[in-house]
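What follows is a short report on a single structure.
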Amino acid sequence: MIRFEDVSVTYDDAAAPTVAGVDLTVPEGELVLLVGPSGVGKSTLLGTVSGLVPHFTGGTLRGRVTVAGRDTRTHKPRELADVVGTVGQDPLSHFVTDTVEDELAYGMESLGLAPDVMRRRVEETLDLLGLADLRERPIATLSGGQQQRVAIGSVLTPHPEVLVLDEPTSALDPAAAEEVLAVLQRLVHDLGTTVLLAEHRLERVVQYADQVLLLPSPGAAPVLGTPADVMAVAPVYPPVVGLGRLAGWEPLPLTVRDARRRAGDLRSQLAVAGSCSAGAMGVPPVRAEPGASGSVGTTSVARPLESRASRWPTWLRRRHSAQERQAEGTSVAVTENLAVRRARVEALRRVDLQVTAGETLALMGRNGAGKSTLLNTLVGMLEPSTGSVRLGRATPHRTAPRELIRHVGLVPQEPRDLLHADTVAAECASADHDAGAAPGTCRALVGELLPGIADDIHPRDLSEGQRLTLALAVVLTAKPPLLLLDEPTRGLDYAAKARLVQHLRGLADAGHAIVLATHDVELAAELAHRVVILADGEVVADGPTADVVVSSPSFAPQVTKILAPQKWLTVAQVRAALDGAA
Amino acid sequence: MLMSSARAGLRAPEANRSNALHPGAWWVWALGLGTAASRTTNPLLLGLLVGVAGYVVAARRSEAPWARSYGAFVKLGLFVLGIRLVFAVFLGSPIPGSHTLFTLPDVDLPEWAQGVRIGGRVTAETLVFALYDGLKLATLLICMGAANALANPARLLKSLPGALYEAGVAVVVALTFAPQLIADLQRLRAARRLRGRPDRGIRGLLQVGLPVLEGALERSVALAAAMDARGYGRTAAVPPLVRHTTSALTLGGLIGVCAGTYGLLAAEGAGFGLPVLLVGVGAALGGLWLGGRRSVRTRYRPDVWGVRAWLVSGSGAAVAALMIRFASTDPAGLHPGVVPLVAPTLPLWPAACVLLGLLPAFVAPSPAAALSPRGPRSPRSPRKEAR
């Protein structure tokens, strides 16, 4: 269906080709997953299929790409519109019209299909994607998952033979991501659509792929193979594969189900290892000790369930740990009976939360559950309608910004919102000025977190992960005891994520309290001591990570699902336990 | 119409895509009210017109973003009224008057500014005249605001002829971009707080201007790519003869329009002005029609101009026509005297005809209540829906 013949792409201002030596065929009706670290040219390769590279982006394409027999050299993107449907990273910049139904029809209108055909296909697509109830809704009012489904639907209506998607689930909560992937699965199975998909969050998609196309490094020739074969050698892999590699399973399991079937031995091995290490260390296993996480890489959270605390009734344990928390650390932020109203929507209700120094807390919950609202209230961007928020002695919305940044720092969902200057050096200088810190403070932080970044580079030219780290350094310049991060792993590959985890652990060890709002269950498992789940603006669960995520089907990380009922969260913990036992 | 159950049949149906009123009908209605407003300075009639427009908006506007623009137009109208009064106070007006309210100090202007007066006597007549005049402008603006709030701008543009389609899309995109731009501005301004800078004040607004524009530019490039990939700008193969005819007709038509207009306005050549203008317009329209053949696009569920659209547009047109007629038969009632000052009275028949403009509040499909689920609703009068 898609043929690449010795394709290489070189952008005008680049010395070396971004992708090179692509020579392969994607057969009809397959879901092919494109994987690789950030910046290896995944988006470029996807762009060549729709013809946007090089017709729209510029640059030189050597070789030949044919889609359904049409050569992209002679066909412009608009002439491929009836065979290729493209959905980019941000669905909002994809929409041309304002309502769902018009958006679904837009592509067909451009192609000049007959009105009765359009009407029929819109109705079919509404049903196929479960959008019938939303048909007259303005697109701006939809949730992220719904928008992504509308974006997919809008390119489906012209019945393309090929669907090209760039990170369709990275901004979505786990449930919405499943929604979108279920739709793709259905398209491949029922309609025989060929799907080419790039995604960082492999734990979500790898089990749906028929083949995986790996771009190992920039300019290197890609590898196409079955998911199990490619995952065995890929530099990026989901936790299930990591566990499989650790345990030496052959062939590698790609789904939790496959892994569980083979995990019997590992589980019994771990039960022994876990209990003897717990006995040896003799730490009362109530909850993660904030200090322990960074140095060892495994935390006492990982202790299997024979802990003293977990035998107690939940309400008792909650109170117990809360008392303990107050006793052992100073609380950095306290909310009491907090409620926030935005227009007529009650975004938060009765939120009682306490964050202590050195603690990492993950806020989870579906899109629109109130996570960002809570963070924004903590930095005083929103005013509580009832209840109170206190950061030490300060009340955020009544504190002047200059003073506030000494109490709390927020890295927003789009780190670029924080960065205004033209160069990294200028950004650092203005951060020092804002924070009243000694000149060079921020630059030193940047050097520590991001070694080897030039002074004169524009923040826009940094990669997603580098930009996040720069924003983090800017925020840390004022040394706030409380650090908030909104969706920090959006668009990060595994390597960038691992670096971020390392930085954040270091900060928690240094006594910073960290609150993350995230959809990324693996990140929460790796980093958080405590998880708070929000639903509809209310706290529905609050407790140690292991206790909260193990009981939840959608927030449990893969390792937990595989090794349940034992409470392991990450591959690193399992590895450490096995090493300890050996 | 279903007349089986008389009560249910007479009530306007709940609005949906199929029975949506043609946006053009709302514009005809609003322009009708506006025309009526431009024919009178009677504050009671103008107030009645504002009331009619406001009632229909309250009864029939949806929850869509553009529907909120009505408030902005009302504020703009009040602002214009205020400006008019301020000018009347400070700059004076040629209206002679005997009821002096107060006297401002006179400013002596140099010789070349003769004829401009600043300060001086402020009379009740001046103020009343300015008030009537400003009220007329404000009413016009509020009528435009009503059309903006009631008619979906995107669908209005979809009704453009095929050749103008691409221009229409550009406007639609701009319409969706403007709110996003404002949201970006607010977000970035709030983000200044995170850097420890004040998040209020003009300076903050200026400093985020560049990043906001950068973001908007990037988004437009992404949108352009998406539109290209979705087939925007695909053209049908048109025989060269048709293409050349199109260009010739359009160009010739435009030249004709220019020449004709010149002929009409200039002293000489008044004889050939009108015919040349008409031929020019005809040729240009022909060019547009032929040009539409290059575009392959079709229309998905276009709004139909049905009975309700006729009633709505007809009510506006009737108000305008009757008002124009009354303006010639009853000038005293429509233009209450300023010199000498008299209290305005409400002329009965013109007032009755203004009330015709209320018809859309009863015949136009009513927007679905946002919070109640679909299905049989308890019978409510439109008055209760008015907010």
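Here the structure is a predicted model, which means the values were calculated and not measured. Residue numbering restarts at 1 for every chain, and letters A, B, ... go by the order of the sequence lines.
- Atom CZ in R197(B) sits 4.0 Å away from atom CG in D434(A) (nearest 0.5 Å).
- Chosen from T97(A), I139(A), L113(A), T477(A), the residue pairing most often with chain B at heavy-atom distances under 4.5 Å is L113(A).
- Per-residue counts of heavy-atom pairs under 4.5 Å with chain A were compared for A225(B), P211(B), P302(B), A222(B); the largest is that of A225(B).
- Within the 4.5 angstrom heavy-atom criterion, only side-chain atoms of R301(B), from C-beta onward, approach chain A.
- At a 4.5 Å heavy-atom cutoff, the contact between D82(A) and chain B is made by backbone and side-chain atoms alike.
- Comparing T57(A), L92(A), V122(A), T99(A) by how many heavy-atom pairs each has under 4.5 Å with chain B, the most go to V122(A).
- For V87(A), no part lies near chain B; criterion is any non-hydrogen pair under 4.5 Å.
- Among D98(A), V84(A), V164(A), L80(A), the residue with the largest count of heavy-atom pairs under 4.5 Å with chain B is D98(A).
- Considering every non-hydrogen atom in both A81(A) and A229(B), the closest pair reads CB-O, 3.4 Å.
- Side-chain contact between N16(B) and R135(A) is absent, with no heavy-atom pair separated by less than 4.5 Å.
- Of all heavy-atom pairs spanning T298(B) and M108(A), the tightest one is OG1-O, 4.1 Å.
- Comparing R119(A), R402(A), R137(A), E414(A) by heavy-atom pairs within less than 4.5 Å of chain B, the highest count is held by R119(A).
- By the 4.5 Å heavy-atom criterion applied to side chains, Y106(A) and Y300(B) are not counted as neighbours.
- Contact of S154(A) with chain B is made through backbone and side chain together, with heavy-atom distances under 4.5 Å.
- A donor-acceptor pair under 3.5 Å links the side-chain atoms of R195(B) to the main chain of L418(A), judged by distance alone.
- Listed here is the closest heavy atom pair of S93(A) and A226(B): O-CB, 4.1 Å.
- For T157(A), no part sits under 4.5 Å from any heavy atom of chain B, backbone or side chain.
- Side chains of R230(B) and H94(A) form a contact here, defined as non-hydrogen atoms less than 4.5 Å apart.
- For V474(A), the part lying near chain B is the side chain, with the backbone staying farther off; criterion is any non-hydrogen pair under 4.5 Å.
- For R460(A), the part lying under 4.5 angstrom from a heavy atom of chain B is the side chain only.
- A431(A) touches chain B through backbone and side chain together, each having a heavy atom under 4.5 Å away.
- M381(A) approaches A190(B) most closely through the heavy-atom pair SD-CB, 3.3 Å.
- Looking only at heavy-atom pairs under 4.5 Å with chain A, the residue among G231(B), G233(B), A224(B) that has the most is G231(B).
- Other residues, nucleotides and ligands contribute only 12 or fewer heavy atoms inside 6.0 Å of the NE2 atom of H433(A).
- Counting only distance, with no hydrogens or angles, the side chain of R187(B) and the backbone of D417(A) share no donor-acceptor pair below 3.5 Å.
- Contact record, L223(B) with V96(A): CD1-CG2, 4.3 Å, taken as the closest heavy-atom pair.
- Chain B forms more heavy-atom pairs under 4.5 Å with one residue of E101(A), H55(A), E79(A), K76(A) than with any other, namely E101(A).
- Taking CD of E109(A) as the reference point, atom CZ of R299(B) lies at 8.5 Å (rounded to 0.5 Å).
- For S430(A), the parts lying under 4.5 angstrom from a heavy atom of chain B are both the backbone and the side chain.
- Within the 4.5 angstrom heavy-atom criterion, atoms from both the backbone and the side chain of L410(A) approach chain B.
- Separating the NE2 atom in H420(A) from the CG atom in L188(B) is a distance of 5.5 Å, to the nearest 0.5 Å.
- Only the backbone of P396(A) comes within less than 4.5 Å of a heavy atom in chain B; its side chain stays farther off.
- Under a 4.0 Å N-O distance rule, the pair E218(B)/R416(A) qualifies as a salt bridge.
- Residue with the most contacts toward chain B among A114(A), A105(A), G51(A): A105(A) (heavy-atom pairs, distance under 4.5 Å).
- If you measure heavy-atom distances from E403(A) to chain B, you find no contacts under 4.5 Å at all.
- Proximity to chain A involves both the backbone and the side chain of V221(B), based on heavy atoms less than 4.5 angstrom apart.
- Contacts between R234(B) and chain A at a heavy-atom distance below 4.5 Å involve backbone atoms as well as side-chain atoms.
- Interface residue N152(B): only side-chain heavy atoms are found under 4.5 Å from chain A.
- The shortest side-chain heavy-atom distance between I405(A) and L194(B) does not fall under the 4.5 Å cut-off.
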Assess whether salt bridge (Lys or Arg N to Asp or Glu O under 4.0 Å) is satisfied between D102(A) and R17(B), documenting all intermediate values. CA-CA 10 Å; D102(A) 285 328; R17(B) 178 74 190 234; 2.7 Å; yes
